[in-house]
Amino acid sequence: MQEYTEQLAQQLYKVEYEQLEELVDLREEVLNGIQDGELTEEDRSRIQVLLSFDGPILSRMVELKDEASMALLKINQSRSQKNAYEQTSMQGSYFIDKRN
């Protein structure tokens, strides 16, 4: 896990959300395993190293979340504009059927 975390941290601004999600899942598995046993001093030092990467990783997660929020906002605005245009154009339209 430490190696994977360090690799992601080195390429943090190229990382996609799937890789960060995988890291979170991996950390959760490790934490569940730790809860069952005692930690050695080496384990504690490794945990401290991993925690040092939390700030930049969390910043990247927030950045990705904000990007996704903006994309969803643009999609919703486009839908609203399209719906408004369609409603306006339908109300002002008349069909004239002229038969001879």
Side-chain angles (χ1 to χ4, degrees):
M1 180 172 72
Q2 184 174 350
E3 195 174 302
Y4 187 68
T5 302
E6 289 173 355
Q7 287 175 354
L8 284 181
Q10 289 174 358
Q11 303 173 359
L12 198 55
Y13 291 95
K14 296 178 185 177
V15 171
E16 297 296 325
Y17 80 92
E18 292 94 346
Q19 292 167 298
L20 293 172
E21 186 178 15
E22 186 177 320
L23 177 64
V24 169
D25 291 341
L26 180 61
R27 282 181 155 200
E28 185 176 356
E29 287 177 26
V30 170
L31 285 175
N32 289 337
I34 288 175
Q35 289 175 356
D36 298 337
E38 291 292 318
L39 293 176
T40 65
E41 193 57 41
E42 183 181 347
D43 293 336
R44 291 178 198 275
S45 67
R46 282 187 168 178
I47 290 170
Q48 289 302 316
V49 170
L50 292 173
L51 290 175
S52 70
F53 294 109
D54 280 1
I57 290 172
L58 184 59
S59 294
R60 178 63 176 154
M61 289 176 154
V62 169
E63 185 179 298
L64 289 170
K65 179 189 75 97
D66 290 345
E67 287 176 12
S69 294
M70 292 300 294
L72 287 174
L73 182 63
K74 286 181 182 179
I75 290 170
N76 287 334
Q77 286 175 340
S78 294
R79 285 182 184 161
S80 296
Q81 290 172 353
K82 181 181 175 186
N83 288 340
Y85 176 76
E86 287 175 352
Q87 289 175 357
T88 303
S89 64
M90 293 299 282
Q91 291 175 354
S93 297
Y94 296 101
F95 290 103
I96 299 174
D97 188 11
K98 193 174 186 179
R99 294 181 187 216
N100 292 338

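The figures that follow rest on heavy atoms only: side chains count, while hydrogens, waters and symmetry mates do not.
- The distance from the CG atom of Asn83 to the CZ atom of Arg79 is 9.0 Å, given to the nearest 0.5 Å.
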Contacts table for residues 53-76: side-chain donor-acceptor under 3.5 angstrom, sequence neighbours left out:
unit_1: Asp54; atom_1: OD1; unit_2: Arg27; atom_2: NH1; d: 2.6
unit_1: Asp54; atom_1: OD1; unit_2: Arg27; atom_2: NH2; d: 2.9
unit_1: Ser59; atom_1: OG; unit_2: Gly55; atom_2: O; d: 3.1
unit_1: Arg60; atom_1: NE; unit_2: Leu12; atom_2: O; d: 3.1
unit_1: Arg60; atom_1: NE; unit_2: Val15; atom_2: O; d: 3.4
unit_1: Arg60; atom_1: NH1; unit_2: Glu63; atom_2: OE2; d: 2.6
unit_1: Arg60; atom_1: NH2; unit_2: Val15; atom_2: O; d: 2.8
unit_1: Ser69; atom_1: OG; unit_2: Lys65; atom_2: O; d: 3.1
unit_1: Asn76; atom_1: ND2; unit_2: Leu72; atom_2: O; d: 3.4

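- Taking Thr40 as the reference, Asp43 meet the side-chain hydrogen bond (donor to acceptor under 3.5 Å, both in side chains) condition, with sequence neighbours excluded.
- Among residue pairs with one or both ends in residues 9-20, none qualify as side chain to side chain donor-acceptor pair (under 3.5 Å); sequence neighbours excluded.
- Gln2 meets the side chain to side chain contact (heavy atoms under 4.5 Å, CB included) test with Glu6, Arg46, Val49, Leu50; sequence neighbours excluded.
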